[in-house]
Visitor: 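Below are the structure tokens for one structure; questions will follow.
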Amino acid sequence: MKQSLLFVPTLKDAPKDAEVKSHKLMSRAGIIKQTAAGIYSYLPLGWRVLDKIETIVRQEHDKRDCSEMLMPAVQPRDLWEESGRWGEYGPELFRLKDRKDRDFCLGPTHEEVITQVVRDYINTYKKLPLALYQIQTKFRDELRPRFALMRGREFIMKDLYTFHTDDEDLDVWYDKIKEAYTTIFKRVGLETKIVSSDTGQIGGKEADEFMVMSEVGEDIIAYCDTCQYGSNQEFSKLEAGDTCPKCSSGKIKLAKGIEVGNIFKLGTKYSTSMHALYTDQKGQQKPVVMGCYGLGVSRTLMAAVEQHSTDNGILWPEEITPFRIHILPLDPKDAQINDLSYEIYERLSKNNEVLIDDRDERAGVKFKDADLIGVPYRIVIGKRMEPGYVELINRYTNEKNVIRHSDIEQYL
Ligand code: ATP
Ligand code: MG
């Protein structure tokens, strides 16, 4: 891709309201652009990364026999009356009326819709278990939209719903999805800690959150210095220095975390209120047992930037980088340099995602933007090098080598 055509509107200064590093960088690197409070456009560079995150999410779900689908964002009040949440949800729910004065909401989550979609179908134990997911825009009129994609009013979530005959089967799937989440975050470049949490608005009997430890996190995690125990402090009310409730020997420590995922054993909350029943082997009618699993796709993007950056720029993790290689021709008006740059560009593009900075800009501008944008492998071509030679930089290790251009593939 030619940088002159990609639309990467880099900025010298971050917007005034950008408090955290990732917000500043994502604005300055031309990744996102604010439209209204908590509502953002994903610009081409950001969209490429989101697409990669979504691909990883899809692969790890499809591998575990979950099927992708897409549900509507606009949801009728009747369904929310059935579950009882029209009254319960409060001002975070975006509510609207159609031209005939009927009430609707913009989906903050999809338990009601999915239960209505499958309830007639899953009438027998023979059709269970079932696991359905979507990647979709969600709407929540947050009281304090903050830190750009971290707490948006419109954001992208992957939500999965599973359906079972009994708690034992739910437990098996719950553990399987828990493992999928850990793998997804690892591939995205994020280490997560699993902590138990309250079930909140969604309901159910047990829930776990996936936390990225970070100073900019809005949650406080209570964790044990000895065993694996962790909980959201809002839920466990543990204090620093308390004895661990799990191993009874370790001490509790507190740290801030970003919640990137939340999984719930819903049980029969929605199937009972919305009459999603199945007939078991003995011919008895029972409510279907459900699980639901949310992963904040756009928040994950922001967390990845927060964790993989300095004040001067981003360094994308290998699996989600928008491009793998960034070619910087420093004197593009020099025919020899120009020809060599394009030859390398064409050659590497066959097997890699390559960005070439073809803009008529000074070297300083190109380097600054490249540092900001954060592509991990950089090839610099300039007049100061011997003809046919290029500088190859591995930004993960900071290793720099001046090599013959025909040796690039070998080094990569
Ligand atoms: P929070 O406690 O941060 O408000 P939540 O517990 O209400 O989040 P869930 O309903 O569990 O969120 O949603 C699943 C996932 O969606 C969260 O783990 C988070 O990653 C993401 N998410 C939730 N709200 C937002 C938001 N306003 N902006 C961006 N991502 C969000
Ligand atoms: Mg949550």
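As the structure lists them, so they are numbered: ligands from 1, and atoms in each ligand from 1. Bear in mind the structure is a predicted one, so any value in this text is a computation, not a measurement.
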Visitor: Just to verify, which of I393, N394, V380 counts as forming a side chain to side chain contact (heavy atoms under 4.5 Å, CB included) with K400?
Guide: I393
Visitor: Measure M150 to ligand 1 on non-hydrogen atoms and call it side chain, backbone, both or neither using the 4.0 Å cut-off.
Guide: backbone
Visitor: Looking at Y377, does the NZ or CZ of R324 lie under 6.0 angstrom from its six-membered ring centre and within 45 degrees of the ring axis?
Guide: yes
Visitor: I'd like to know if E112 and R77 make a salt bridge, using a cut-off of under 4.0 Å between side-chain N and carboxylate O.
Guide: no
Visitor: Could you list which atoms of ligand 1 come closer than 4.0 Å to a heavy atom of V260?
Guide: 18 (O), 20 (O)
Visitor: Considering the heavy atoms of E142, write down every atom of ligand 1 situated less than 4.0 Å from one of them.
Guide: 24 (N), 26 (C), 27 (N)
Visitor: Could K265 and Y174 be counted as a cation-pi pair, given that NZ or CZ must be under 6.0 Å from the ring centre and within 45° of the axis?
Guide: yes
Visitor: At under 4.0 Å between heavy atoms, which part of L149 makes contact with ligand 1: side chain, backbone, both or neither?
Guide: backbone
Visitor: Work out which heavy atom in W316 is nearest to a heavy atom in V375; give both atom names and the distance.
Guide: CD1-N, 4.4 Å
Visitor: What I want to find out is whether E60 reaches R187 closely enough, with some N-O distance under 4.0 Å, to be called a salt bridge.
Guide: yes
Visitor: Using the side chain to side chain donor-acceptor pair (under 3.5 Å) rule, take R119 and Y270 through it: C-alpha gap first, then chi angles, then the decisive distance, then the call.
Guide: CA-CA 10 Å; R119 67 179 159 195; Y270 292 89; over 6 Å; no
Visitor: Take E306 and H23 through the side chain to side chain donor-acceptor pair (under 3.5 Å) test and state the conclusion after the steps.
Guide: CA-CA 8 Å; E306 187 63 39; H23 187 173; over 6 Å; no
Visitor: Looking at side-chain heavy atoms only, is the closest gap between L372 and R28 below 4.5 Å?
Guide: yes
Visitor: Within 45 degrees of the axis of the six-membered ring of Y121 and under 6.0 Å from its centre: does K127 put its NZ or CZ there?
Guide: yes
Visitor: Using a strict 4.0 Å cut-off to heavy atoms of G296, name the atoms of ligand 1 that fall inside it.
Guide: 15 (C), 16 (O), 20 (O), 21 (C)
Visitor: Using distance alone, decide if ligand 1 has a nitrogen or oxygen within less than 3.5 Å of any nitrogen or oxygen in R151.
Guide: yes
Visitor: Which of these, F264, F210, F155, has its nearest heavy atom closest to atom 30 (N) of ligand 1?
Guide: F155
Visitor: Applying a 4.0 Å heavy-atom criterion (strictly less than), which segment of N262 is in contact with ligand 1: side chain, backbone, both, or neither?
Guide: both
Visitor: Measuring from the Mg ion (ligand 2), count protein N/O/S atoms under 2.8 Å, please.
Guide: 2
Visitor: Closer than 4.0 Å to some heavy atom of G152 - which atoms of ligand 1 meet that?
Guide: 26 (C), 27 (N), 28 (N), 29 (C)
Visitor: Should the pair D358-K2 be classified as a salt bridge under the 4.0 Å nitrogen-to-oxygen rule?
Guide: no
Visitor: Do the charged groups of D280 and K286 touch, with an N to O distance under 4.0 Å?
Guide: yes
Visitor: With atoms numbered from 1 as shown, which atoms in ligand 1 lie under 4.0 angstrom from a non-hydrogen atom of M157?
Guide: 13 (O), 14 (C), 16 (O)
Visitor: Counting only heavy atoms, tell me which of R299, K138, R140 gets closest to atom 9 (P) of ligand 1.
Guide: R140
Visitor: Taking non-hydrogen atoms only, is E259 closer than 4.0 angstrom to ligand 1 via side chain, backbone, both or neither?
Guide: both
